[in-house]
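Here is the structure we will look at, set down as structure tokens.
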Amino acid sequence: MTTKAKYQEVLDLGEALNIKDGNVTEENGVLKVKGMAKTQYEKNRIWDKIKEIGGDKPTDIMANITVEDESIYSKHTVKSGETLGKIAKHYYGNASKYQAIFKANTDVLKNPDLIHPGQELVIPNL
């Protein structure tokens, strides 16, 4: 199996996330991946997939993923049935961090218990 084939799921994820300026080369059995993610959350998703396939310190892949907008962690469009707690759990792994999302979106939200499908929320860096 080639290194590129081994990490195909990483490349597919990069494509699904619309990573900009993507470049993939393979030299001496090492896959070199370069590109720009929109947010830190997307960059983390790429790295999580790399580690899932290659372990915590893979030696057969080198990735240089930059972030277009470092001022935020991500953006999120509210879906039906979501709460700030569920959104916080998704991004931070901790529902109680919903207050950070609320504080970052007081221009859109007036009450942390009232969010509506379609609202675009900023997910702040913590």
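The basis for the numbers below is simple: all heavy atoms, side chains too, and nothing from hydrogens, waters or symmetry mates.
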### Task
Please test Asp60 against Leu31 for side chain to side chain contact (heavy atoms under 4.5 Å, CB included), starting from the C-alpha separation and ending with a verdict.
CA-CA 6 Å; Asp60 57 353; Leu31 191 65; over 6 Å; no
### Message
Using the rule given for side chain to side chain contact (heavy atoms under 4.5 Å, CB included), can you reason through Ile46 versus Val33, listing the C-alpha separation, both sets of side-chain angles and the distance that settles it, and then say yes or no?
### Response
CA-CA 11 Å; Ile46 297 280; Val33 181; 5.9 Å; no
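- In this structure the side chain of His76 never reaches within 4.5 angstrom of the side chain of Ile101, judged on heavy atoms.
- Separating the CG atom in Leu13 from the NZ atom in Lys49 is a distance of 7.0 Å, to the nearest 0.5 Å.
- Across all non-hydrogen atoms, the minimal contact from Gly85 to Tyr98 is N-CB, 3.7 Å.
- Shown here for Ile53 and Lys6, the closest heavy-atom pair between the two residues is CG2-O, 3.6 Å.
- Closest heavy-atom contact between Ser96 and Asn94: OG-OD1, 2.6 Å.
- Here the CD-OG1 distance, from Gln40 to Thr66, works out to 10.5 Å after rounding to the nearest 0.5 Å.
- Taking NZ of Lys79 as the start and CD1 of Ile87 as the end, the distance is 8.0 Å to the nearest 0.5 Å.
- The distance from the NZ atom of Lys57 to the NZ atom of Lys51 is 10.0 Å, given to the nearest 0.5 Å.
- More than 12 heavy-atom neighbours from other residues, nucleotides or ligands sit within 6.0 angstrom of CD on Gln99.
- Nearest heavy-atom pair, Tyr7 versus Gly54, reported as atom, atom and distance to 0.1 Å: OH-CA, 3.4 Å.
- In terms of heavy-atom proximity, Thr77 sits nearest to Glu120 at OG1-OE1, 2.8 Å.
- A donor-acceptor contact shorter than 3.5 Å is absent between the side chain of Lys4 and the backbone of Leu11.
- For the pair Lys43 (side chain) and Thr39 (backbone), a donor-acceptor distance under 3.5 Å is absent.
- Atom NZ of Lys34 has 12 or fewer neighbouring heavy atoms from other residues, nucleotides or ligands inside a 6.0 Å radius.
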### Test log, rule side chain to side chain contact (heavy atoms under 4.5 Å, CB included), inputs Tyr41 and His90
CA-CA 11 Å; Tyr41 174 71; His90 173 78; 2.9 Å; yes
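- Looking at Met62 and Val30, their side chains come closer than 4.5 Å, going by heavy atoms from C-beta outward.
- Each of Val122 and Phe102 belongs to its own hydrophobic cluster when Ile, Leu, Val, Met, Phe, Trp and Tyr are linked at side-chain heavy-atom distances under 4.5 angstrom.
- Nearest heavy-atom pair across Ala100 and Pro124 is O-CG, 3.5 Å.
- Under the 4.5 Å side-chain criterion, counting only non-hydrogen atoms from C-beta, Ile123 is not in contact with Ile72.
- Taking OH from Tyr91 and CG from Leu126, the interatomic distance works out to 13.0 Å, rounded to the nearest 0.5 Å.
- Hydrophobic clustering (side-chain heavy atoms under 4.5 Å, transitive across Ile, Leu, Val, Met, Phe, Trp, Tyr) groups Val24 together with Val10.
- Distance alone, capped at 3.5 Å, places no donor-acceptor pair between the Lys32 side chain and the Asn23 backbone.
- Looking only at distances, a side-chain donor or acceptor of Glu42 sits under 3.5 Å from a matching main-chain atom of Lys38.
- Met36 and Ile50 fall into different hydrophobic clusters, defined by Ile, Leu, Val, Met, Phe, Trp and Tyr side-chain heavy atoms under 4.5 Å apart, directly or through other members.
- In this structure, CG on Leu121 lies 4.5 Å from CG on Asn105, to the nearest 0.5 angstrom.
- Using a distance-only test at 3.5 Å, with no hydrogens or angles considered, a donor-acceptor pair links the side chain of Asn125 to the main chain of Glu70.
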